[in-house]
Amino acid sequence: MARQSLFRAEEPARLDPFVIVAGDASPRDQRDLMERPFFSLSKSRRVRPILYRAGEVEVHVHGLPEHGMATIWDADVLIWAASQIVDAENRGLPTSRLLRFTPYQLLTGVGRATGATEYRLFKAALRRLQSTVVATTIRQGEQWRRQQFSWINEWEERANRQGRVEGVEVVLPEWFYRGVVDRSLVLTIDPHYFRLTGGIERWLYRVARKHAGRQVGGWVFELAHLHHKSGSLARPSDFALDIRRIVARQPLPGYRLMLERGQGRERLRILPLVVEIALPSPVDGVVTSGAADIGTSGAPLSGDRAQGPTSSPSGARDSRAPNLDSNSDSNFLAAAVLGAEPGR
């Protein structure tokens with residue numbers, strides 16, 4: 001048995017456990033996490049904090065140097081947990097911040113393999129989620145300016161004599177749990193989201209689902225605004241190059257991406273495919289609307305994406321290989337997506 005905690009050890013004793021039996025639930029994401037930069041998009045260890053401000057909203061995220069900041073792949077744990085809580089609430093079952101489940105349930109729920117490598121990466125994700133400290137003004141009342149928490153208050157694993165993990169208990173923070181049980185703060189997401197291996201494309205899908213939804217006309221962002229919104233460590237030029245390559249590959253399930261130029265500014269238009277199909281005059285094929293051709297433009301590859309070969313616009317491959325050489329534990333189960341072993 002192993003227990004890791006930054007909070008009082010007696011906290012689980014004060015909570016009724018929410019025991020997950022089946023684990024099958026439609027994927028759901030929490031709106032606040034989809035809209036702001038709460039996670040590292042890099043597949044290498046990130047220790048530089050995220051300091052984000054937009055109007056009255058502030059998000060500060062810090063990760064311990066030992067583990068690094070929680071990544072957008074680690075967020076799969078929170079997405080799966082939110083899905084289970086919402087599903088149980090919909091069926092009239094009691095839930096709590098204390099979740100009891102098996103790693104097998106979570107791994108299969110997010111489309112991962114269940115070998116020894118995946119279990120090791122799962123535990124590394126729990127460590128980063130617990131050691132990452134978040135301070136935010138989102139959803140705070142008049143009397144409170146900022147709330148601070150970690151993505152996981154406490155976690156405990158139980159293993160057999162052979163060392164195989166048989167069960168896990170996780171205590172979620174109150175801020176996250178309140179945002180999940182409030183139905184207005186949760187959105188369903190496409191199960192194919194878990195197949196996206198690039199950090200920026202994963203983040204971009206969540207932005208698309210939150211803002212564009214199924215609206216006619218979708219949503220438009222200036223690339224400079226997207227860069228600020230992402231919390232990415234990449235230079236603005238490298239970030240824009242990443243977006244252009246994603247537009248060329250069209251990997252986001254349920255959305256079409258288009259680049260537009262006007263008044264010297266480059267914009268990304270996100271169009272929901274469901275709305276496009278219903279329109280009497282379908283939108284023409286993807287165009288760049290005067291944007292520069294896809295290419296390196298002399299800019300080096302960004303550190304916020306996999307450093308593998310770039311996929312061709314023909315669609316021969318949807319996602320690039322995960323960057324497993326920089327830090328084999330930095331991506332929650334990234335190797336399982338392509339069946340790779342870390343370090344190969």
Side-chain angles (χ1 to χ4, degrees), residues 29-39 41 50 52-59 72 138 184-190 192-193 196 198-295 297 299 302 304-305 311 313 315 318:
D29 208 347
Q30 209 277 333
R31 285 177 179 264
D32 295 324
L33 274 61
M34 303 168 77
E35 186 174 5
R36 276 98 182 191
F38 282 104
F39 302 97
L41 305 184
I50 295 174
Y52 171 84
R53 176 179 292 179
E56 296 296 321
V57 172
E58 294 183 11
V59 174
I72 199 165
I138 299 174
S184 66
L185 296 178
V186 178
L187 289 175
T188 58
I189 62 174
D190 194 303
H192 289 87
Y193 164 80
L196 299 174
I200 291 181
E201 64 188 31
R202 273 183 162 235
W203 168 81
L204 190 58
Y205 170 81
R206 300 172 86 186
V207 169
R209 181 66 185 93
K210 167 64 173 63
H211 289 281
R214 297 180 177 87
Q215 300 181 77
V216 175
W219 203 270
V220 179
F221 289 99
E222 290 186 0
L223 294 195
H225 177 63
L226 276 179
H227 179 257
H228 173 67
K229 197 177 183 69
S230 71
S232 170
L233 289 177
R235 296 180 305 176
S237 60
D238 291 339
F239 180 85
L241 180 59
D242 274 328
I243 295 297
R244 296 186 194 114
R245 288 176 170 171
I246 291 173
V247 170
R249 294 187 291 111
Q250 296 292 325
L252 303 192
Y255 292 94
R256 174 180 293 177
L257 307 176
M258 301 174 65
L259 286 172
E260 304 173 345
R261 277 191 183 275
Q263 300 179 343
R265 298 179 179 180
E266 193 169 12
R267 301 180 179 88
L268 177 69
R269 181 176 295 276
I270 304 172
L271 297 169
L273 294 179
V274 171
V275 171
E276 288 179 358
I277 295 174
L279 291 176
S281 299
V283 177
D284 294 334
V286 177
V287 295
T288 56
S289 301
D293 293 337
I294 305 296
S297 302
S302 164
D304 276 22
R305 66 175 185 275
S311 302
D318 286 341

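Predicted model, so just to flag it, every value in this text is computed and none were measured.
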Does some side-chain heavy atom of V216 sit less than 4.5 Å from a side-chain heavy atom of P272? no
R245 vs D242, salt bridge (Lys or Arg N to Asp or Glu O under 4.0 Å): CA-CA, chis, key distance, verdict: CA-CA 5 Å; R245 288 176 170 171; D242 274 328; 5.1 Å; no
How long is the straight-line distance from CG of L223 back to NE2 of H228, given to the nearest 0.5 Å? 14.5 Å
Do I72 and L41 come within less than 4.5 Å of each other through their side chains, counting heavy atoms only? yes
What is the ring orientation for W219 with F221, classed by angle as parallel under 30°, tilted 30 to 60°, or perpendicular over 60°? tilted
Report the residues that fulfil side-chain hydrogen bond (donor to acceptor under 3.5 Å, both in side chains) with R31, sequence neighbours left out, ordered by chain and then residue number. none
Smallest heavy-atom separation, W203 atom then L226 atom, equals CH2-O, 3.4 Å
Any chance you could lay out the side chain to side chain contact (heavy atoms under 4.5 Å, CB included) test for V186 and D29, step after step, and finish with the verdict? CA-CA 6 Å; V186 178; D29 208 347; over 6 Å; no
Roughly how far, to the nearest 0.5 Å, is the CG atom of L233 from the CG atom of D238? 11.5 Å
Quick one: list whatever passes salt bridge (Lys or Arg N to Asp or Glu O under 4.0 Å) with R209, sequence neighbours left out. none
Could you check if a side-chain atom of H227 sits within less than 4.5 angstrom of a side-chain atom of R235, using non-hydrogen atoms only? no
Pairing residues for P37 by the side-chain contact (heavy atoms from CB on, under 4.5 Å) criterion, not counting sequence neighbours: I50, Y52
Do any N or O atoms from the side chain of Y205 and from the backbone of D190 form a donor-acceptor pair under 3.5 angstrom? yes
Under 4.5 Å between any side-chain heavy atoms of I243 and L204, yes or no? yes
Run the numbers on L273 and Y255 for side chain to side chain contact (heavy atoms under 4.5 Å, CB included), then give the verdict. CA-CA 5 Å; L273 294 179; Y255 292 94; 5.6 Å; no
Is it the case that the side chain of Q215 and the backbone of H211 share a donor-acceptor pair, with hydrogens and angles ignored and the cut-off at 3.5 Å? yes
Between CD of E201 and CG of L252, what distance do you get to the nearest 0.5 Å? 7.0 Å
Whether the side chain of R269 engages the backbone of G217 through a donor-acceptor N/O pair (distance < 3.5 Å, no angle test) should be reported. yes
Going by salt bridge (Lys or Arg N to Asp or Glu O under 4.0 Å), name the residues that satisfy it together with E35, two or more places apart in sequence or in a different chain. K210
Flag side-chain contact, heavy atom, 4.5 Å: P251 against I246: yes
With a 4.5 Å limit on heavy-atom distance, are the side chains of L185 and Q30 in contact? yes
What is the minimum heavy-atom distance between L271 and G218, and which atoms define it? CD2-N, 4.1 Å
Are I189 and R206 close enough that some pair of their side-chain heavy atoms sits under 4.5 Å apart? no
With the side chain counted from C-beta on, respond yes when L257 and Q250 share a heavy-atom pair under 4.5 Å apart, and no when they do not. yes
Please step through side chain to side chain contact (heavy atoms under 4.5 Å, CB included) for the pair M34 and V207, ending with a clear verdict. CA-CA 6 Å; M34 303 168 77; V207 169; over 6 Å; no
Report the distance from atom CD1 of I200 to atom OG of S230, rounding to the nearest 0.5 Å. 6.5 Å
Residue pair M258, V247: steps toward the side chain to side chain contact (heavy atoms under 4.5 Å, CB included) verdict: CA-CA 7 Å; M258 301 174 65; V247 170; 5.9 Å; no
Holding to side-chain contact (heavy atoms from CB on, under 4.5 Å), I want the full list of residues that pass it with R265, two or more places apart in sequence or in another chain. E222, R267
